[in-house]
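Following: one structure in structure tokens, then a few remarks.
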2 protein chains.
Amino acid sequence: MKALDDRALGHVAEYFRALSEPLRLKILNALRDQARNVGELTELLNCSQANVSKHLATLTRYGFVERAAQGTSAYYRIADPRVYQLCDLVCGQMAQHFASQAQLLGAPPAPSRARR
Amino acid sequence: MKALDDRALGHVAEYFRALSEPLRLKILNALRDQARNVGELTELLNCSQANVSKHLATLTRYGFVERAAQGTSAYYRIADPRVYQLCDLVCGQMAQHFASQAQLLGAPPAPSRARR
DNA sequence: TTACTATATCGCTATATGGTGATTGTCGCA
DNA sequence: TGCGACAATCACCATATAGCGATATAGTAA
């Protein structure tokens with residue numbers, strides 16, 4: 001990703017946006033170990049079926065999950081487990097960010113250089 | 001990220017959202033090799049100064065960049081280079097996603113084992 | 001057929017936010 | 001002091017979208 005043209009960069013932004021909704025992350029988390037159908041997800045996540053379907057459509061469009069019809073049900077499963085690498089990276093970076101913020105707020109001595 | 005509570009999950013979503021704007025990605029890309037002030041970024045990215053400032057505020061809030069006042073200027077630099085790891089991961093996953101989509105659409109022979 | 005279930009989609013509202021121009025605040029210099 | 005440059009913020013508009021209830025669609029079984 002040295003010199004990205006605008007088009008590619010827009011795609012990357014869309015990719016991140018697809019992961020920027022708590023409910024979609026919950027869905028990915030619920031599918032971590034097993035495929036589930038819409039009804040199961042609706043119950044697990046405690047929200048409306050329409051909403052789950054809409055978010056599943058988004059996740060499918062970006063290739064995060066795959067759909068498999070089975071009778072009248074639709075089972076979804078993780079299409080690319082590497083999405084969890086992204087989440088793990090973010091978690092690690094967030095942890096460090098929060099730690100440094102806590103240090104800024106709570107550290108009395110303020111050793112090197114403080115304030116933003 | 002095994003069992004994330006809602007609070008942490010919301011934070012992860014916010015983190016991804018911060019990276020879901022093309023202009024913010026452009027800024028990060030422009031800061032890849034060197035610190036720049038707001039005026040330079042405004043010219044480089046060919047957009048309004050107010051807009052650049054707003055996005056820089058967002059990037060600062062989430063710890064992606066750091067601000068250093070210097071005279072009347074404000075120089076911004078990458079605070080955590082690991083953000084590029086995220087972008088690289090996304091680029092790789094996107095490339096594969098597009099490749100498989102192209103294969104689904106246009107591939108006649110489907111050589112070894114098709115479809116991811 | 002008819003009835004039932006499961007999922008996808010539609011229409012809608014409320015909210016969030018990207019973008020802009022104008023304004024404000026701050027710093028450095030004459 | 002006043003002036004000019006730079007950056008941050010304000011007020012506003014336009015758009016995107018999460019969420020909801022209602023409806024449409026597809027599969028299954030009687």
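Per chain, numbering begins at 1; letters A, B, ... match sequence-line order.
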Per-nucleotide protein contact string for nucleotides 24-30 of chain D (B base, S sugar-phosphate only, - none; heavy atom under 4.0 Å): ---BS--
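As a whole-Å value, the separation of Leu19(A) CG from dT17(D) C1' is 16 Å. To the nearest angstrom, C1' of dA18(D) lies 12 Å from CZ of Arg17(A). Nucleotide dG18(C) holds its C1' atom 14 Å from the CG atom of Leu56(B), rounded to whole Å. Taking atom CD of Glu21(A) as the reference point, atom C1' of dG19(D) lies 10 Å away to the nearest angstrom. Whole-Å rounding puts the Tyr75(B) OH to dC27(C) P distance at 17 Å. Phe16(B) places its CZ atom 19 Å from the C1' atom of dA18(D), with the value rounded to the nearest Å.
Using a 4.0 Å cut-off on heavy atoms, the residues of residues 37-55 of chain A that approach DNA chain D are Ser48(A), Ala50(A), Asn51(A), Lys54(A), His55(A), listed by number.
A sub-4.0 Å separation between OP1 or OP2 of dT7(C) and a side-chain N or O of Ser73(A) is present. Distances shorter than 4.0 Å separate some side-chain N or O of Arg24(A) from OP1 or OP2 on dA18(D). Here Arg67(B) reaches the OP1 or OP2 of dA8(D): one of its side-chain N or O atoms lies under 4.0 Å away.
The shortest distance between side-chain heavy atoms of Val52(B) and Cys47(B) falls below 4.5 Å.
In this structure, CG on Leu56(B) lies 6.0 Å from CG on Leu41(B), to the nearest 0.5 angstrom. A distance of 6.5 Å separates CG in Leu9(B) from CG in Asn29(A), rounded to the nearest 0.5 Å. Here the straight-line distance linking atom CZ of Arg77(B) with atom CD of Glu66(B) works out to 4.0 Å at 0.5 Å rounding. Distance CZ/Arg67(B) to OG1/Thr60(B): 8.0 Å, rounded to 0.5 Å.
Judged as a side-chain contact (heavy atoms from CB on, under 4.5 Å), and not counting sequence neighbours, Glu43(B) has no contacts.
Taking the six-membered ring where the residue is Trp, the centroids of Tyr15(A) and Phe64(A) are separated by under 6.0 Å.
A cation-pi arrangement, defined by a distance under 6.0 Å to the six-membered ring centre and an angle within 45 degrees of its axis, is absent between Arg17(A) and Phe16(B).
Counting non-hydrogen atoms under 4.0 angstrom, Leu23(B) reaches the backbone sugars and phosphates but no base. Among the atoms of the strands shown, only primed sugar atoms or phosphate atoms (P, OP1, OP2) are found under 4.0 Å from some heavy atom of Tyr76(A).
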Test salt bridge (Lys or Arg N to Asp or Glu O under 4.0 Å) applied to Asp5(A) and Arg7(A), step by step: CA-CA 5 Å; Asp5(A) 59 43; Arg7(A) 186 168 166 72; over 6 Å; no
